[in-house]
Protein chains: 2
Amino acid sequence: MDTPQRLDEKVSTEEKFKEAARTVFMKKGYAATKTRDIAEEAGLNLALLNYYFRSKEKLFEIIMIEKVQQLFAFIAPVFNDKSTSLDTKIDLIATSYIDLLLKNPDLPLFVLSEIRNNPERFSKNVQLETSILKSYFVRQLGEKKIDMNPIQLFLTFLGMLVFPFIVRPVFQVTGTINENAFNQLMEERKALTAKWMKMILE
Amino acid sequence: MDTPQRLDEKVSTEEKFKEAARTVFMKKGYAATKTRDIAEEAGLNLALLNYYFRSKEKLFEIIMIEKVQQLFAFIAPVFNDKSTSLDTKIDLIATSYIDLLLKNPDLPLFVLSEIRNNPERFSKNVQLETSILKSYFVRQLGEKKIDMNPIQLFLTFLGMLVFPFIVRPVFQVTGTINENAFNQLMEERKALTAKWMKMILE
DNA sequence: GTCTATAGAGGGATAGAC
DNA sequence: GTCTATCCCTCTATAGAC
């Protein structure tokens, strides 16, 4: 996904647009983003955007597929690893997912709100990762707590990890918690989430 | 907030616009909403929208203040009730907040994504409820677990309640869980959340 | 591939009649 | 208060020169 670039090498025009599109789409959302904003952010001529990507919509789809992959598919291998125990998976996922989100704090809210604002787009063009609910991890949850729908456990686990990043904009606007303090809380949260999740499963 | 209307009484034009605006803004978000959509939804003339509310922006602010109130301020009394124990508060909040969200499932994602897409609007015009983090409930959490930042506990509790409604659009688009099944899960979740939260606090 | 210029549609807002 | 007609700016997209 990351194409490494030597410092003296030129980044392609196409890639400059994609990078600018990531920035602007993530910041404002699809509808509020103007193609002019993207061209300006990229430092490139507006007409080139259509030359490379045909339309705003098509460029957005490219970025969106990337982001959905990041959010859903990134952890699929861990979820489906049959050689690791439930407890090991909990530890691994808690750590790696919070690390992912610390690098991309806006990712969940961006993806989820775009799905919500325009569900048609996603039923048609973007393949969402539905297999997570049928993953080996969820089956392991179901075997541990046979008296409960494993989705309840799954939602709780994912919520512990993701929810703080969903409400982050409120912290930012109100100034309640600054960025460093938030990141520190999330680092602590890796171990807390794993501990709590195991308690719930006892 | 709810102005009761007799069935034979006419709903005011202004209220028709507000009701239509709630529907359309909540469905598409601010940026993707056209004033023409709102007028059509209301079954009213477009020019009247500006007559009553001056601008799309002003109408949106009215709706948004309502929604923020619903989401944040609704449970403030319970949070700050000094006469109830921590366990009682947990039971009460779990039940009443899930009830609130079952009636307004799109509320959290709508409010949070609008804050994210345009934080400037909220730092200026809409007063966000920041006092929750200083509420009596959060203090009670801190006294129970003195070795931990109470925000961690608060985020976990709220995440258990709210997060399922945040990911609901994914369920809808993929068809994994239908509306009835989701609502059923949330009913069960009232007791589960309370039980789990108390376990974590032991 | 990259630019300038502009077509063409959309959308917020208002003028002015009733 | 409510309507029709329309202004006018913004935005996506393309034509066509270089």
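What you are looking at is a predicted structure, and each value in this text was computed from that prediction instead of being measured.
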(message) Going 5' to 3' along DNA chain D, between which two nucleotides do contacts with chain B fall, using a heavy-atom cut-off of 4.0 Å?
(response) D/dG1 to D/dT4
(message) With ring-ring contact (aromatic ring centres under 6.0 Å, His included) as the rule and sequence neighbours excluded, what pairs involving residues 95-135 of chain A come up?
(response) none
(message) Checking the side chain of A/Glu41 only, and the main-chain atoms of A/Phe17 only, is there a donor and an acceptor separated by less than 3.5 Å?
(response) no
(message) Please check: side-chain N/O of B/Gln152 versus main-chain N/O of A/Leu192, any donor-acceptor pairing under 3.5 Å?
(response) no
(request) Check the surroundings of atom CD in B/Glu40: do more than 12 heavy atoms from other residues, nucleotides or ligands lie under 6.0 Å from it? (result) no
(message) Salt bridge or not between A/Lys27 and A/Asp106? Use side-chain N to carboxylate O under 4.0 Å.
(response) no
(request) Return the residues of residues 114-123 of chain A meeting this criterion: a heavy atom under 4.0 Å from some atom of DNA chain D. Order them by number, or give none. (result) none
(message) Run the salt bridge (Lys or Arg N to Asp or Glu O under 4.0 Å) test against A/Lys198 and tell me which residues pass, sequence neighbours left out.
(response) A/Asp91
(message) I'd like to know if the side chain of A/Lys89 and the backbone of A/Asp81 have a donor-acceptor N/O pair within less than 3.5 Å.
(response) yes
(message) Quick check against the 3.5 Å criterion: does A/Lys56 have a side-chain atom that pairs as donor or acceptor with the backbone of A/Tyr30?
(response) yes
(request) Identify, residue by residue, the members of residues 23-42 of chain A with a heavy atom below 4.0 Å from DNA chain C, and return them in order of residue number, or none. (result) none
(message) What is the distance, to the nearest angstrom, from the CG atom on B/Leu46 to the P atom on C/dG10?
(response) 15 Å
(message) Within the 3.5 Å criterion, strictly below it, is a donor on A/Ser85 or A/Asp87 matched to an acceptor on the partner's side chain?
(response) no
(message) Can you confirm whether more than 12 heavy atoms, excluding those of B/Lys145, are under 6.0 Å from its NZ atom?
(response) yes
(request) With the side chain counted from C-beta on, respond yes when B/Phe25 and B/Leu59 share a heavy-atom pair under 4.5 Å apart, and no when they do not. (result) yes
(message) Just to verify, which of B/Thr33, B/Asp37, B/Thr23 counts as forming a side chain to side chain donor-acceptor pair (under 3.5 Å) with B/Lys28?
(response) B/Asp37
(message) What residues from residues 47-61 of chain A pass a heavy-atom cutoff of under 4.0 Å to DNA chain D?
(response) A/Ala47, A/Asn50, A/Arg54, A/Ser55, A/Lys56
